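Working notes, beginning with the structure itself.
Both ligands and their constituent atoms are indexed starting at 1 by order of listing. The structure displayed is predicted, hence computed values, not measured ones.
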Amino acid sequence: MTVPFGGPSLADLLAGARVVSLPMRVRFRGITTREAVLLEGPAGWGEFAPFPEYDDAEAATWLRAAIEAAWLGPPTPLRERVPINATVPAIAPQQVPEILAPFPGARTAKVKVAENGQTLAEDVARVAAVRELIDNVRVDANGGWTVDEAVTALDALTADGPLEYAEQPCATVPELVEVRRRLAEVMNRHGRRRVPIAADESIRRAEDPLKVVRTGGADVAVVKVAPLGGMRRLLSLADDLAGHGVPVVVSSALDTAVGMNAGLAAAAALPALPYACGLGTGGLFVTDVAEPRQVADGSLAAHPIAPDQTRLAELGAPPERAQWWLARLRRCYELLAVSGDAWDE
Ligand SMILES: O=C(O)CCC(=O)C1=CC=C[C@@H](O)[C@@H]1C(=O)O
Ligand SMILES: [Mg+2]
């Protein structure tokens, strides 16, 4: 069997693998339990946690990122702390103060909108409740609107104040281009500040992550370590995006404390960090695999933390789920090995 990027063998990976299952405080992205495989290697810990519905080809990229973290370690940091945004799931307005409590000093909030089964009035009420506590608000629709719905919704959501940006208002790149153009007209007519468009799924799930930028569909790019295949790949994409004048926002993929190490390390190594990062999602778990990092003055310390053995034992996944994850890890390893992938340092 070929060993990918001169890194670990499959036996090395499995030797240090722990499958965990973390209960969540609130439903987020339709899930209430987050499962992950944590890998211990010579450079530290890495996390393999592609969402269950992803196929093996997409999941293999996440494994690449896990191996990079545990066998190669983080890139050289340029800062010690990383500013983060508060993340607000699609909850009722009354729950907003409780959701914002674990983010002391956060100056930016990201609010989920366009949730299945909810109305625009609910989105408007949630954003209004957030604005009472944090005035710089961005929204994330996860591609849930049509072009018409996005224009109507973003018009309504800016009636009482500007939005920092709207993340993935529609699913496809041509729709993002259209929304961006139509919104500029509407905002201009109302004499309001333009709503910049941020691309998330159009970057992390795309064959060509630069396409959305080249076609004029995004002002900002949301970048995540695991779906991009690692910290160094994220840094290299950020460099290409900077060449197009597009800044990045590093976000989590609902990572455990181990996966968060990689997001924070990537953010700490970026030459420019103009936006608060979506790396404050640790608070969405009831318990995490390490003592939770505390948010102070709206930022998190960037240095890596190791998982706690007692917590790992307590959070161990049920045997059938552990088997499912280890079988997935084996298949993804084979895909990486066959692709002959190599570290591009
Ligand atoms: O960006 C943030 O504030 C937190 C991260 C976050 O929102 C997400 C993490 C994981 C899965 C995604 O559905 C979601 C996102 O769409 O950005
Ligand atoms: Mg998003």
NZ/NE/NH1/NH2 to OD/OE distance under 4.0 Å, R293 and D288
no
D200: numbered ligand 1 atoms lying under 4.0 Å from its heavy atoms
15 (C), 16 (O), 17 (O)
For ligand 1, which part of S251 has a heavy atom less than 4.0 Å away: the side chain, the backbone, both, or neither?
side chain
Nearest protein heavy-atom contact for atom 8 (C) of ligand 1: which residue, which atom, what distance?
K224 NZ, 3.5 Å
Show, in sequence, the C-alpha distance, side-chain angles and deciding distance for Q168 and D200, and conclude whether the side-chain hydrogen bond (donor to acceptor under 3.5 Å, both in side chains) test is met.
CA-CA 6 Å; Q168 202 74 39; D200 175 10; over 6 Å; no
Provide the closest heavy-atom pair for G217 versus L176 in the form atom of the first, atom of the second, distance.
O-CB, 3.6 Å
Any idea which part of V249 is under 4.0 Å from ligand 1, heavy-atom wise: side chain, backbone, both or neither?
neither
What atoms of ligand 1 come closer than 4.0 angstrom to any heavy atom of T87?
2 (C), 3 (O), 4 (C)
The Mg ion (ligand 2) is nearest to which N, O or S atom of E167?
OE2
Do T256 and E47 pass the side-chain hydrogen bond (donor to acceptor under 3.5 Å, both in side chains) test, and can you show the C-alpha distance, the side-chain angles, and the key distance before you say yes or no?
CA-CA 8 Å; T256 78; E47 174 163 325; 2.4 Å; yes
Within-shell test, R204 vs ligand 1, heavy atom, strictly < 4.0 Å
yes
With the threshold set at 4.0 Å, does a side-chain nitrogen-carboxylate oxygen contact exist between E185 and R182?
no
Pull out every atom of ligand 1 sitting under 4.0 Å from any heavy atom of L254, numbered as shown with elements.
9 (C), 10 (C)
Quick note on ligand 1: atoms under 4.0 Å from a heavy atom of S252 include exactly 5 (C), 8 (C), 9 (C), 10 (C)
Run the side-chain hydrogen bond (donor to acceptor under 3.5 Å, both in side chains) check on E149 and T152 step by step: do they pass?
CA-CA 5 Å; E149 285 167 348; T152 306; over 6 Å; no
Please confirm whether Q168 approaches ligand 1 to less than 4.0 Å, judged on its heavy atoms.
no
Identify whether NZ of Lys or CZ of Arg in R205 sits under 6.0 Å from the centre of the six-membered ring of Y54 and within 45° of that ring's axis.
yes
Please could you name the atoms of ligand 1 that T281 approaches to less than 4.0 Å, counting only its heavy atoms?
4 (C), 5 (C)
Would the number of heavy atoms belonging to other residues, nucleotides or ligands and lying under 6.0 Å from CD of E320 be above 12?
yes
Minimum heavy-atom distance between C277 and V82, given as atom pair plus value
SG-CG1, 3.8 Å
Contact atoms of ligand 1, heavy-atom distance to E167 under 4.0 Å:
17 (O)
Please confirm whether the backbone N or O of G283 pairs with a side-chain atom of R25, one donor and one acceptor, at under 3.5 Å?
yes
Give the atom numbers and elements of ligand 1 that come within less than 4.0 Å of a heavy atom of N142.
13 (O), 15 (C), 16 (O)
In D200, the N/O/S atom nearest the Mg ion (ligand 2) carries the name OD2
Below 4.0 Å, non-hydrogen atoms only: which portion of V222 touches ligand 1? Side chain, backbone, both or neither.
neither
Give a yes or no on whether D135 atom CG has more than 12 heavy-atom contacts from other residues, nucleotides or ligands under 6.0 Å away.
no
I'd like to check which ligand 1 atoms, numbered from 1 as shown, lie under 4.0 Å from a non-hydrogen atom of N85.
3 (O)
Among N, O or S atoms, D140 approaches the Mg ion (ligand 2) most closely through OD2
